[in-house]
Every structure is written in C-alpha cells, then in structure tokens.
Amino acid sequence: MRPVFTEQPAAFRPRTITEVLRPASADEVVEIVRSGRRPLHPVSTGRNWGLGSGLPVDDGAAVLDLSRLDRVRALDLERGYAVVEPGVTQGALAELLRGTPRIFNLTTSSLRTSVIGNVLERGVGVHRARAEDLVGLEVVLADGRREHVGWWPGTSAVPRPHAAGPGLTHLFTQSSFAVVTAAVVRLLPRPEEVRVLPFTFASDDLADAVDALRSWTEQRLVPPTTKVYNPVAAQADGYLAHVCLSGAGEVVEALSSVLLAAAGRSPLVAAPAYSVDDVVRATYAGDPDPADTWFLRRTAGCPADRFDAERGLLMFLPVVPFSGEAVALTEELIRDCCASAPAVTVNVLDSDAVDHVVGLGFPAHDPAAAAEARESLDRLHKAFAAHGFLPHRRDVDRPGAATALQARIGRALDPDGVFAPGRYSAGR
Ligand SMILES: Cc1cc2nc3c(=O)[nH]c(=O)nc-3n(C[C@H](O)[C@H](O)[C@H](O)COP(=O)(O)OP(=O)(O)OC[C@H]3O[C@@H](n4cnc5c(N)ncnc54)[C@H](O)[C@@H]3O)c2cc1C
C-alpha cells in the first residue's frame, strides 16, 4: 500500500499535518469521525497533482487516506453501473471491464489515480465530464451517520443521475461536507469501433481552427470530446487536435469521410496516423495500458508513485467560451503571463464551452523555478479573471470562497468543524 505522504508536493506551501489515518473499511471511517479527532481531510489516492495532491488547505489537519478501501462492491454490466470505494483506481475498474460489453470513462491521468477522488473533483474523462458518470454516493456525515444520496442499488430499477426531488449528490462534490466511502458510477456501452483522428494546424490558424471544431461539434459531426494540444503539449511544431469517433463501424467510417472533407475546407490538416497510436486509442476504448505509457510520456518517464517527490507541477484550469476569438485571446494571455511556454490542453466540454489545462512544470528541487511557476500562475489567475474565465478546479494555495448559502449548508451539516475546509469552501 502506498502511503499518501511520502513527500509533500514542491509546488505548494508545506503543510503541518497532525497525523495520517488509514482506515480499511467504511466502519473504521465512522469510528474515526466519531472519535473526536478533527479536522479531518479525506483523500482517495491523493494524486490530485498540480492542485495540491493530498494536501489540506490549512495547517493542523489529520489526513484521512482512504486508499485501503479498495473494493469494487458491485458491478452490473446489464444496467451499466459499478459501486466503488475510494481506493479503487481507474485502471483497476477498467481492467475488470476488459472484454465485457461495458467501458469506464477514463481520464488521461495515471491509471493509478482513483475513480472517486476524480469524480468528487469534477474531473474530465475522455468521453464526458466525470460528474456525468456519478449517480450516487455513500457519505459519512460529521455526526458519524452513514447515508446514501442519489441513486443506489436496490432503490429504483434504473440508475439515473437525477432522481425525483432536490438533488443531494452534488452537495458532496467539490465540497468538504462529508467523507465519501463509496460511489455509484455509470459505465458506458462498449463501442463497436473507436477511431481517434489526429489533425494539425499552425499557430497562426488557431482562431479559425477552433471555430471549425466548434461548428463540427455544434452540427454533431464530432462528439463534444475533442482535445487540442498546444505545440508544447503536442511535442510538435504546431497544434494537434484529437477527435474521437466511436460507435457502429459504418457510422465511424461515414463520419470519418465527412470530417476529412470538412477539414479540406478549414485550416485543420489530417495528421499522419502515428500522431495517435494504440496507447491513446486504448484510453478512449476504455482498455487500460498497465504500463501507464501515456502518463509516462507526459511526465518525462516519472511514474505515479514518484511524481510528488520528483516533479513540480502547478495546474490552472479555466473555463472559456468555445470560440476561436476566446481561445486565441487565452493563448495571448498565457504567453504574456508565463515565464516559459507551458503545456496547454484544451478540452471541449460542449458546443459552448472548453476548459484549458495549463500545466506549469518544473524540477521539484529547484526553488527558483518553483517561485517562477507560482508567479506565472498568479498572473494567469488575474489575467483570466479580468475576462470572466474562471477556474473550475482550485489548488490548495488559492482556494475559492463559499457563497453565503453554501457556508450555511456547510455549518448545518458540520457545525463543529469535523472536516477541514476544502479548496471550494474558504471562509466557511
Ligand atoms: C499528466 C497528467 C494528466 C492528467 N489528466 C487528467 C485528466 O485527463 N482529467 C482530470 O480530471 N485530471 C487529470 N489530471 C489531474 C489528476 O491527476 C486527477 O484529477 C486525479 O484523478 C486526482 O487524484 P486522485 O484521484 O488521487 O484524487 P484525490 O487526490 O484523492 O482527491 C481529490 C480531492 O477530492 C476530495 N476527496 C477525495 N476523496 C474523497 C473522499 N473519499 N471523501 C471526501 N472527499 C474526497 C479531496 O478534496 C481531494 O483533495 C492529470 C494530471 C497529470 C499530471
């Protein structure tokens, strides 16, 4: 079992942590919550790289490392759901589904990251936002009561994200109102064919290329899952876009021809097939690569277990309108704010919105480089906020403020501060 804190991530102010607790079951979590220890900061696998990994926002918290709760409690291929505990990694769940009629919506992070931590963080999978995978949660509240919210096996026959009545599931995502000890996540049908089409374009064509991708998305030539990599992220001279088509073979074939014709009328150029290899395709197809190759390519070979000790990383994740003009503006802002060109991935969220993943990497043991990255990040936050392009995920050194109503709900659920304030509830 990997302890959450072998080393604190270099990108952030070091935290004083009173202890690291490692329960092995939901019952042990209840005992800890009732034991009077506080404040508790729960993490699943603590690999929230670039945003603080397993660190709490404030000093003096006890970290509740839930990675030993690693059971897949239920798997229903017919109805398309899995009940997972916090220590279940996306690689482990996908491995269980290999060769079945279902797949799980993987992210492009390490296969050793958790399903639950990423869902609670409202991360982004290659097929849809992880929040859309979530249908139910088992939570341990501050008073030690264990409750189910949302859909849970044994209730209605069909797992749906929104049941009748006020929704409670997302009270506990990007939240610090409870410890989550299990989640019900939906599984996608395994597509007959998965084809990832690579396109390139020059920096000068960024605005026109983004507008073309938007119109393809609006008109449903492509699903809202395209990823655009800037030249640093693509490790190439120009931009690279990955468009994923999946479904029946005839549909994929027909859409591929339509797209190639549409590309001819845009700045997007079909890239050589080697721009998408089996490792990338397998992620979209839900088949995990046990060697974690795609992750290792983007971390200069640093494996998940050594990431916090060896790599410095700060991430900035603003949501931006899906338009050529806005994305060209963000490219300019990034260039003006960053001391050295960062890797940027633009993820299409729907036909109106994209998010940006700006990764400011540096050697973990270089304090000057760390300071420079922090300054660049502060400038990015300021410059993007001036245009209303706000981050949808926050880091431990720059938490977001709770609204008055969120704070009231937080105090009602946890009046005695059993749980440490999170990155989305500053001032609670
Ligand atoms: C190269 C690279 C690629 C990446 N690609 C992606 C990507 O494609 N998509 C993406 O979304 N992210 C990506 N990431 C970011 C990150 O690695 C993932 O988001 C990762 O899944 C988060 O770590 P985790 O699963 O260990 O969650 P954790 O760190 O365990 O949890 C995240 C947060 O959720 C809360 N939390 C976790 N578990 C519990 C619980 N049981 N109860 C209550 N609260 C809890 C805590 O606030 C915690 O800080 C990438 C990172 C890198 C370096």
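Counting starts at 1 for both ligands and their atoms, following the listed order. Quantities reported herein were computed from a predicted structural model and do not represent experimental measurements.
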- Given Val243, which of Leu268, Val348, Leu255, Val222 fulfils the side chain to side chain contact (heavy atoms under 4.5 Å, CB included) condition? Val222
- Residue from Val115, Asp70, Thr89 passing side chain to side chain contact (heavy atoms under 4.5 Å, CB included) with Val84: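 In the set Val115, Asp70, Thr89, the residue that makes a side chain to side chain contact (heavy atoms under 4.5 Å, CB included) with Val84 is Val115.
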- Task: Using the test side chain to side chain contact (heavy atoms under 4.5 Å, CB included), find all partners of Ala383 that sit at least two apart in sequence or belong to another chain.
- Result: Leu333, Cys337
- Query: Looking at the rings of Phe316 and His381, which for Trp means the six-membered one, are their centres under 6.0 Å apart?
  - Reply: yes
- Considering only protein heavy atoms, which is closest to atom 35 (C) of ligand 1, and at what distance to one decimal place? Pro42 O, 4.1 Å
Between [X] and ligand 1, find which residue part has any heavy-atom pair under 4.0 Å and reply side chain, backbone, both or neither.
X	answer
Arg393	side chain
Ala178	backbone
Arg298	side chain
Leu120	side chain
Val115	neither

Could you list the atoms of ligand 1 found under 4.0 angstrom from a heavy atom of [X]?
X	result
Trp49	17 (O), 53 (C)
Ser44	30 (O), 37 (C), 38 (N), 39 (C), 41 (N)
Ser114	24 (P), 25 (O), 27 (O)
Leu313	53 (C)
Gly123	11 (O)
Leu66	40 (C), 41 (N)
Thr107	7 (C), 8 (O), 9 (N)

Is [X] near ligand 1, meaning one of its heavy atoms is under 4.0 Å from it?
X	value
Met315	yes
Gly46	yes
Arg423	yes

Heteroatom distance test ([X], ligand 1): nitrogen or oxygen, under 3.5 angstrom:
X	value
Thr299	no
Val180	yes
Ser175	no

- Query: Can you say whether the rings of Phe172 and Phe177 are parallel (under 30°), tilted (30 to 60°) or perpendicular (over 60°)?
  - Reply: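 Because their plane-to-plane angle is over 60°, the rings of Phe172 and Phe177 count as perpendicular.
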- What residue among Arg122, Arg394, Glu121 forms side chain to side chain donor-acceptor pair (under 3.5 Å) with Gln174? Arg122
Have a look at [options] and point out the one with the heavy atom closest to [atom].
atom	options	answer
atom 18 (C) of ligand 1	Asn118, Val139, Leu55	Asn118
atom 26 (O) of ligand 1	Leu317, Val29, Thr45	Thr45
atom 22 (C) of ligand 1	Arg130, Arg47, Lys227	Arg47

- Report the C-alpha separation of Ser110 and Arg47 in whole Å, then their side-chain angles, then the decisive distance to 0.1 Å, and conclude whether the side chain to side chain donor-acceptor pair (under 3.5 Å) test is met. CA-CA 9 Å; Ser110 165; Arg47 288 175 164 155; 5.5 Å; no
- Within residues 127-156 or reaching into it, pairs that qualify as ring-ring contact (aromatic ring centres under 6.0 Å, His included) - sequence neighbours excluded: Tyr81-Trp151, His148-Trp152
- Side-chain contact test, heavy atoms from C-beta onward, threshold under 4.5 Å: evaluate it for Ile17 versus Pro56 and give yes or no. yes
- Message: Closer than 4.0 angstrom, basic N to acidic O: yes or no for Arg374 and Asp395?
- Response: no
- Item | Asp27 and Ser25: side chain donor to acceptor below 3.5 Å | no
- Query: With distance as the sole test, does Arg214 use its side chain to make a donor-acceptor pair with the main-chain N or O of Ser351 at under 3.5 Å?
  - Reply: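 Side chain of Arg214 to backbone of Ser351, a donor-acceptor pair under 3.5 Å: yes, one is there.
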